[in-house]
Amino acid sequence: QVQLVESGGGLVQAGGSLRLSCAASGRTFSRYAMGWFRQAPGKDRAIVAASTRSGGNTYYADSVKGRFTSSRDNAKNTVYLQMNSLKPEDTAVYYCAAREGAAIAVTATLYAYWGQGTQVTVSS
C-alpha cells in the first residue's frame, strides 16, 4: 500500500503558475504509475496527466497540454505537476493517484490509491 499527500495548491491570478507536489510513502514508489486528476464543483473527476511507472511517457488532457508538466523523482518518492498560464477554468481540487503497474491509465477507477486533494483557485 502507498500513502499520498498533495501540497502546493492555493490562489493565483490568471496567467500565473503553481507547482503541486505529491509525496508518497509506504511501498516502493517506483512500482506505481501515477496520475493527476481534478474535480471542479458539480463536475466529475477528470484526468489531467498520467505517467508510466518509469516516468518516461506522460499523457496530458487536451485542456492542459502545453501549459502543465508532470514529472516524478523516484529518489524522492515524489511526483510534481507544474502548472503555467493558469486559467479560471483550471479551478478545482487536484488529486494525485497511484496504481500498481507500468502503463499509463487515464480512468480514475483504475487507480487504487488517492491523496486527499489540494485546492487550486485561479482568479480572473
Side-chain angles (χ1 to χ4, degrees):
Q1 189 166 346
V2 63
Q3 292 79 42
L4 305 173
V5 178
E6 300 100 336
S7 61
L11 173 64
V12 64
Q13 288 188 331
S17 298
L18 284 173
R19 188 175 83 154
L20 305 184
S21 299
C22 174
S25 61
R27 299 182 69 180
T28 307
F29 180 62
S30 59
R31 295 169 58 103
Y32 298 92
M34 301 297 294
W36 286 98
F37 291 78
R38 66 186 180 185
Q39 188 165 20
K43 294 189 176 181
D44 293 335
R45 194 167 295 190
I47 185 72
V48 175
S51 63
T52 54
R53 187 166 59 188
S54 69
N57 288 295
T58 304
Y59 163 90
Y60 294 97
D62 287 343
S63 58
V64 307
K65 203 172 292 183
R67 300 187 298 123
F68 291 12
T69 303
S70 177
S71 61
R72 64 188 291 164
D73 185 338
N74 284 346
K76 294 184 178 180
N77 288 359
T78 302
V79 62
Y80 305 96
L81 184 68
Q82 178 66 44
M83 306 185 294
N84 298 329
S85 302
L86 282 161
K87 304 175 181 180
E89 52 263 44
D90 294 319
T91 295
V93 177
Y94 283 71
Y95 300 89
C96 68
R99 61 184 296 269
E100 292 199 58
I104 285 174
V106 300
T107 304
T109 54
L110 295 177
Y111 289 83
Y113 307 102
W114 292 84
Q116 82 287 355
T118 186
Q119 177 71 46
V120 171
T121 303
V122 184
S123 63
S124 57

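This chain uses plain numbering: 1 for the first residue, then up along the sequence.
A 4.5 Å side-chain heavy-atom check between Q119 and T91 finds at least one atom pair inside the cut-off.
The minimum heavy-atom distance between S21 and T78, with the atom names listed, is CB-CG2, 4.3 Å. Minimum interatomic distance between V79 and S71 (heavy atoms only, all atoms of both residues): CG2-O, 3.0 Å. Minimum heavy-atom separation, V2 to A98: CG1-CB, 4.0 Å. Contact record, P88 with A14: CD-CB, 4.1 Å, taken as the closest heavy-atom pair. Taking both residues in full, the closest heavy atoms of A49 and T58 are given as CB-CG2, 4.4 Å, listed atom of the first, atom of the second, then distance. Of all heavy-atom pairs between L4 and M34, the closest is CD2-CE, 4.1 Å.
To the nearest 0.5 angstrom, F37 atom CZ is 12.0 Å from L81 atom CG. Atom OG of S124 and atom CD of E89 lie 10.0 Å apart (nearest 0.5 Å). In this structure, SG in C22 is found 15.0 Å from OH in Y94, a value given to the nearest 0.5 Å. Of the inter-residue distances, the one linking N74 atom CG with Y32 atom OH reads 12.5 Å to the nearest 0.5 angstrom. Residue R19 holds its CZ atom at 11.5 Å from OG1 of T69, rounded to the nearest 0.5 Å. Interatomic distance, CD of Q1 versus OG of S25, reported as 9.5 Å (0.5 Å rounding).
Hydrophobic clustering (ILVMFWY, side-chain heavy atoms < 4.5 Å, transitive): I47 and W114 are in one cluster. When hydrophobic clusters are built by joining Ile, Leu, Val, Met, Phe, Trp and Tyr residues whose side-chain heavy atoms come closer than 4.5 Å, directly or via intermediates, Y95 is grouped together with Y59. Residues V64 and V122 are members of one and the same hydrophobic cluster, defined by side-chain heavy-atom contacts under 4.5 angstrom among Ile, Leu, Val, Met, Phe, Trp and Tyr. No single ILVMFWY cluster, assembled from side-chain heavy atoms under 4.5 Å apart, contains both W36 and L110. Grouping the Ile, Leu, Val, Met, Phe, Trp and Tyr side chains by contacts below 4.5 angstrom, directly or via other members, places V93 apart from M83.
In this structure, the side chain of E6 engages the main chain of Q116 through a donor-acceptor pair within 3.5 Å. Using a distance-only test at 3.5 Å, with no hydrogens or angles considered, no donor-acceptor pair links the side chain of T52 to the main chain of I104. A distance-only check finds a donor-acceptor pair linking the side chain of Y60 to the backbone of S70 [under 3.5 Å].
Checking R99 against Y111 by side-chain atom types alone, no donor-acceptor pair falls below 3.5 Å.
Residue pairs meeting the salt bridge (Lys or Arg N to Asp or Glu O under 4.0 Å) criterion with at least one member in residues 47-72, sequence neighbours excluded: D62-K65, R67-D90.
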